[in-house]
Novice: 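Provided herewith is a single structure, encoded as structure tokens, for subsequent inquiry.
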Amino acid sequence: MTLIRRKWLASCTAALAASAMLAGCGSSGSGSDSGSTTSGKDSSASGLATAEKKVAALQTLTKTYPVPTTNVPGVDKFKGRKVFYIPIVQQVPAFVATAGSTKQALSKVGLSQQVCDGKAQPTAIAACVQQAITADAAGIILDAIPYGMAQNALDAAKAKGIPIVIADQNPPDGVENSNQVSYVPGASSQPTAMAWWIIADSKGKANLIIAQNADSPTALKMVADSLPIYKKYCPGCKVTVKQITASTPALLASKASSNVLSNPSATYYYTEFEDSLQPTLQGVQQSGRSSSISVSTAAGSVNGLGLIKSGSVKAVVAADQLYMGFGVTDELLRMMTKSGPIDEAQPTRLFTKENIGSIKVTAAAQASGEWFGDGSFQADFAKLWGIG
């Protein structure tokens, strides 16, 4: 789900270099336009068959939700308390949807929600956290915000005994979840889902540019984790990873154009998150290659899915934001009641021309969760919280 980020960690450069090294054979680093390929008809055919099966599964509705099974006792004693939801940028469609679903989930147990816009700025995030401390909040949910962006303020919240959930971020190496701070990575497998589609759609012959968001260690890792898929299952694919940054949005279109022009044989362009989709399309158009490049993205909303219908975009991976709201609420309630954090998953779905006609591409439909399944998880969570 995580979308707009700002470049704030000096270690991002090192992480990017590490992700390029992980690419191995069959892909190129972020600063290179070349990529090696391997041959082998048997492995190529087997990889294509695997990819096609994966894509068929990724396009279907969720049949079984990953709802936890252990109850959360003692939730009722927090009735009337307030939880702060702090997204890195409030107006991003995915965060708007998660804010709505989190509010809905919290209301089931008698808690209210205060949304505070992080504005992609450490000072604004710290101010939001301070507001939560002043309000004696029952908990804080950060969305797509690394802990280090407001470490002093968050340390102060911890000292006050306020539990903190950090959504859409992986925990730093060596950090384990606790009743004080817990990471809920969310839909971190979206680039992997896109890898399966690209392999299948190209029949194992994609010449791919991945525009990797370099503003967050989590975003870097998400792409890095997908690269072995191409290496193992698509020996005929060439993958070139290029870094982009949301800290200079005015340059995203020119960056996309440059990426395409420096890779004249490219046939696929995957920009990691939807916040860079519109400038990407503009840049591809400027390059004169719109008719020969298939564009895709993840963390999709009505914006990206609507462009599938128009044909401008070929594939979008979207995450179930309604489920995410209930998942992070469940995690926070477990921390508040000292019953321990657990792993919280988030369903996703791949959309292409094959299944886009099966849904209503509206904000209301996205918020309702109907893009992904029947929403039965809401009753299941309520039972865990003692109100079902």
Novice: Around atom CD of Gln285, are there more than 12 heavy atoms from other residues, nucleotides or ligands closer than 6.0 Å?
Specialist: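 No, CD of Gln285 has 12 or fewer neighbouring heavy atoms, counting only those of other groups under 6.0 Å.
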
Novice: Who pairs with Asp374 by side-chain hydrogen bond (donor to acceptor under 3.5 Å, both in side chains), at least two apart in sequence or on another chain?
Specialist: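 Scan of Asp374 (side-chain hydrogen bond (donor to acceptor under 3.5 Å, both in side chains), adjacent residues dropped) gives Ser376.
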
Novice: With side-chain hydrogen bond (donor to acceptor under 3.5 Å, both in side chains) as the rule and sequence neighbours excluded, what pairs involving residues 150-160 come up?
Specialist: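 Found Tyr147-Asp155.
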
Novice: Is Asp380 atom CG crowded by more than 12 heavy atoms from other residues, nucleotides or ligands, each under 6.0 Å away?
Specialist: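 Atom CG in Asp380 is packed in, count exceeds 12.
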
Novice: Between Glu274 and Ser301, is there a donor-acceptor pair closer than 3.5 Å when you use the side chain of the first and the backbone of the second?
Specialist: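 Answer holds: yes.
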
Novice: Flag the pair Pro171 / Glu176 as yes when at least one side-chain heavy-atom distance between them is below 4.5 Å, and no otherwise.
Specialist: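 They are not in side-chain contact.
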
Novice: Could you please spell out the steps behind the ring-ring contact (aromatic ring centres under 6.0 Å, His included) verdict for Phe377 and Phe326?
Specialist: CA-CA 9 Å; Phe377 63 85; Phe326 276 74; 5.6 Å; yes

Novice: Going by the rule side-chain contact (heavy atoms from CB on, under 4.5 Å), which residues pair with Asn207 if we only count those two or more places apart in sequence or in a different chain?
Specialist: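 So Asn207 forms a side-chain contact (heavy atoms from CB on, under 4.5 Å) with Lys238, Ser265, Ala266, Thr267.
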
Novice: Is any NZ, NE, NH1 or NH2 atom of the basic residue among Lys203 and Glu52 found under 4.0 Å from an Asp or Glu carboxylate oxygen of the other?
Specialist: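 Between Glu52 and Lys203 there is a salt bridge, with a charged N closer than 4.0 Å to a carboxylate O.
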
Novice: Under the side-chain hydrogen bond (donor to acceptor under 3.5 Å, both in side chains) rule, collect the residues that match up with Ser287, sequence neighbours excluded.
Specialist: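 By the side-chain hydrogen bond (donor to acceptor under 3.5 Å, both in side chains) rule, Ser287 matches no residue at all.
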
Novice: Apply side-chain hydrogen bond (donor to acceptor under 3.5 Å, both in side chains) to Thr102 and list each qualifying residue two or more places apart in sequence or on a separate chain.
Specialist: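 Per chain and number, Thr102 pairs via side-chain hydrogen bond (donor to acceptor under 3.5 Å, both in side chains) with no residue.
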
Novice: Can you pull out every side-chain hydrogen bond (donor to acceptor under 3.5 Å, both in side chains) where at least one residue sits in residues 65-75? Sequence neighbours excluded, please.
Specialist: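 As it turns out, the side-chain hydrogen bond (donor to acceptor under 3.5 Å, both in side chains) pairs with a partner in residues 65-75, which skip direct neighbours, are Thr70-Arg334.
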
Novice: Decide whether Gln378 and Gln104 meet the rule of one side-chain donor and one side-chain acceptor closer than 3.5 Å.
Specialist: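 The criterion, which ignores hydrogens and geometry beyond distance, is satisfied for Gln104 and Gln378.
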
Novice: Using modelled atom types only, decide if a donor and an acceptor are shared between the side chain of Arg81 and the backbone of Asp136 within a distance under 3.5 Å.
Specialist: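 A pair under 3.5 Å: yes.
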
Novice: Could you grab the distance from atom OG of Ser44 to atom NZ of Lys205, nearest 0.5 Å is fine?
Specialist: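 Ser44 OG to Lys205 NZ: 7.5 Å, rounded to 0.5 Å.
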
